[in-house]
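Every chain is numbered from 1 and lettered A, B, ... according to where its sequence line falls, protein lines coming before strand lines.
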Protein chains: 2
Amino acid sequence: MATPQPNEFSILMNKKPNLQQCADPQTECITCPIRKMALFRGVPEEELGWTQEFRDAQYLLPARESLYREGDIAHSIYTLFDGWVILFKILDNGKRQILRFVLPGDFFGFQVSGTGAGAGYTHGAQALIESTLCAFPRTRLRSMMEKQPQLAIGLAEMGMHDMTLCQHHLIGTGRKNARESIAFLLLELFYRVRMQMQDGFDEATNSIIFPLTQEDIGDAIGLTSVHVNRVLKEMEREGLIRCQRKHLTILDEETLMEIGQFHPGMIAPRELV
Amino acid sequence: MATPQPNEFSILMNKKPNLQQCADPQTECITCPIRKMALFRGVPEEELGWTQEFRDAQYLLPARESLYREGDIAHSIYTLFDGWVILFKILDNGKRQILRFVLPGDFFGFQVSGTGAGAGYTHGAQALIESTLCAFPRTRLRSMMEKQPQLAIGLAEMGMHDMTLCQHHLIGTGRKNARESIAFLLLELFYRVRMQMQDGFDEATNSIIFPLTQEDIGDAIGLTSVHVNRVLKEMEREGLIRCQRKHLTILDEETLMEIGQFHPGMIAPRELV
DNA sequence: CCGTTTTATTGATTTAAATCAACTAAACGG
DNA sequence: CCGTTTAGTTGATTTAAATCAATAAAACGG
């Protein structure tokens, strides 16, 4: 239940802490390698110059750094270009619920409360490892969608995919035990990293880069880090996984899938029709 | 953890059981009283004749009847015109997780697995009370959105709203105790019924029609009906609520909101920008 | 109206996971 | 490299909610 340390300065100034604008953005939208799975999937090649014009800036966010906090004025929406970001909410009792794991190509930051330019984010966003983000001005989203219906369709499709993941997390916390829930989460992240992070997956060892702490796992599925530890150790003893040094290896995929009631198809992104 | 009884006939025939097509639809889309909050909110008046042409049929679904089951081929997407529908998933262990409470004006049935015309629903849908539905052919959704970008924007906005509710349920099951979680759910449904169901709210008694069983409540937030009963009884003894005979009365709204950490603004539907 | 089924209620007991409490191992920052 | 912080590990104990069990009260369907 780690409470991210509030950065007093950044709150006072309503500025992003330690957020470096890339002087020389790593990619033009038109050649962006993650575009296929991102928001602009459906936007035709010849329109992408315009997309890039819409893009605000590309930022580099250091590991463990907060991108925004709940309540911050929502100037931007983001696509994660590279890295690993969590979206979360802190409750009155200090407990934290992780709402989403954002991987490269995912789109986030559009859930706000209030209306117009002063609307605030309903959740916080924080990098687990150093991350590169593409920011777009929130206020121009609507006009952009009106010009480019494919963008609105893409947004609806991504929303549907996020919804599917959220529902599976709900099923996990609501109706699965710790073992089942953890098995599902590990497999979900394993498959998503494999699909979305070019350098995150090592085929030789069947392992992924896995920057979550046991506390992060617990905050995602409603358990304490102590209990997460016990279950992970048990799974390691049984030869199902290995989870240490920020790497996750799946040793017995079949058994783990059975425990977690997981099938890759259930989390695959899909078209609306 | 009630398992809805499979209707053998309907499964074999892949037919909707007891679903009556209204010979004389109750409304033209152009005069539909719930249109303001539904999918076609943004569609200009002069385009609505065309919307209605897209509409497949209007159906009447009796209380407790299933509209579709997980895996059924997804021919239609729906707007609920009147009534109360739940979307749920049954796990391998027989437990049920309710994913969404659908109220008048809400749009559902677009979450499918697989692609193309053979795609199947990822969840089941069942009426809690007699419900009237507007059905639209799923396969024509994309072309319709391409012609009418407002529709895609509306869909993205509704998706965002559903996502907000789902995340709050996730927070409830993950990081709140039974009392907090139940308080939130009761208030959420109370406010939504008040906003979305013209005849569902009685101002004189501050009560709503509330067709959920205690098992439904439990299946929505990950508790057993026995424990839900104990918490509800305790809340009644404390004079916070009255929940009987399919009606819910909020007696001490302020205290209940504090317990549930609920504010009406957090579940209000909102525009994307 | 009456038998049947579903839903609600309450008590006794068990259990999965939380909490409390050390302690060890890794990662981090000069 | 070394002190400091953060993350992981393990055991003992408690607790919120599940399970088991038995009625009571409503709702339903002729």
- If only side-chain N and O atoms of B:R245 are considered, is one of them under 4.0 Å from the OP1 or OP2 phosphate oxygen of C:dA8? no

- Is the shortest side-chain N/O distance from A:T224 to OP1 or OP2 of C:dA17 below 4.0 Å? no

- To the nearest angstrom, the CG-P distance between B:N177 and D:dA18 comes to 12 Å

- B:K233, nearest nucleotide to its side chain (from C:dT19, D:dA17, C:dT9): C:dT9

- Message: Expressed as a whole number of angstroms, how long is the span from B:L212:CG to D:dA27:P?
- Response: 15 Å

- Task: Measure the distance from NE2 on A:H227 to P on D:dA7 and round it to the nearest whole Å.
- Result: 21 Å

- A:L223 CG - C:dT19 C1' separation (whole Å): 14 Å

- Message: In whole Å, I'd like the distance from the CD1 atom of B:I217 to the C1' atom of D:dA17.
- Response: 16 Å

- Classify the angle between the aromatic ring planes of B:F190 and B:F201 as parallel (below 30°), tilted (30 to 60°) or perpendicular (above 60°). perpendicular

- Base, sugar-phosphate, or nothing: which does B:G222 touch, judged by heavy atoms less than 4.0 Å apart? sugar-phosphate

- Message: Under 6.0 Å between ring centres: does that hold for B:Y78 and B:Y59?
- Response: no

- Query: Can you name the closest pair of heavy atoms from B:G239 and B:D252 and give their distance?
  - Reply: O-CB, 3.9 Å

- Message: Without decimals, in angstroms, what is the distance between A:N229 CG and C:dA17 C1'?
- Response: 14 Å

- To the nearest angstrom, how far is A:L232 atom CG from D:dT10 atom C1'? 14 Å

- Nearest heavy-atom neighbours spanning A:Q97 and B:G174: OE1-CA, 3.5 Å

- Task: Grab the CG-P distance between A:D219 and C:dA18 for me, whole Å please.
- Result: 11 Å

- Query: Does the side chain of B:Q244 get closer than 4.0 angstrom to OP1 or OP2 of D:dA25 through an N or O atom?
  - Reply: no

- Does any N or O donor sit under 3.5 Å from an N or O acceptor when you compare the side chain of A:R230 with the base of D:dG11? yes

- Query: Using the ring of each side chain (for Trp, its six-membered ring), is B:H168 parallel, tilted or perpendicular to B:F184, with breaks at 30° and 60°?
  - Reply: parallel

- Note on the structure: When B:R237 and B:R64 are each assigned the nearest nucleotide of DNA chain C, the 5'-most assignment goes to B:R64

- Query: Nearest to the side chain of A:V226 - D:dA21, D:dG8, D:dT10?
  - Reply: D:dT10

- Message: For A:K246 and A:V231, find the nucleotide of DNA chain C closest to each by heavy atoms; which residue's nucleotide sits nearer the 5' end?
- Response: A:V231

- side-chain N/O A:Q214 vs D:dT9 OP1/OP2, d < 4.0 Å: yes

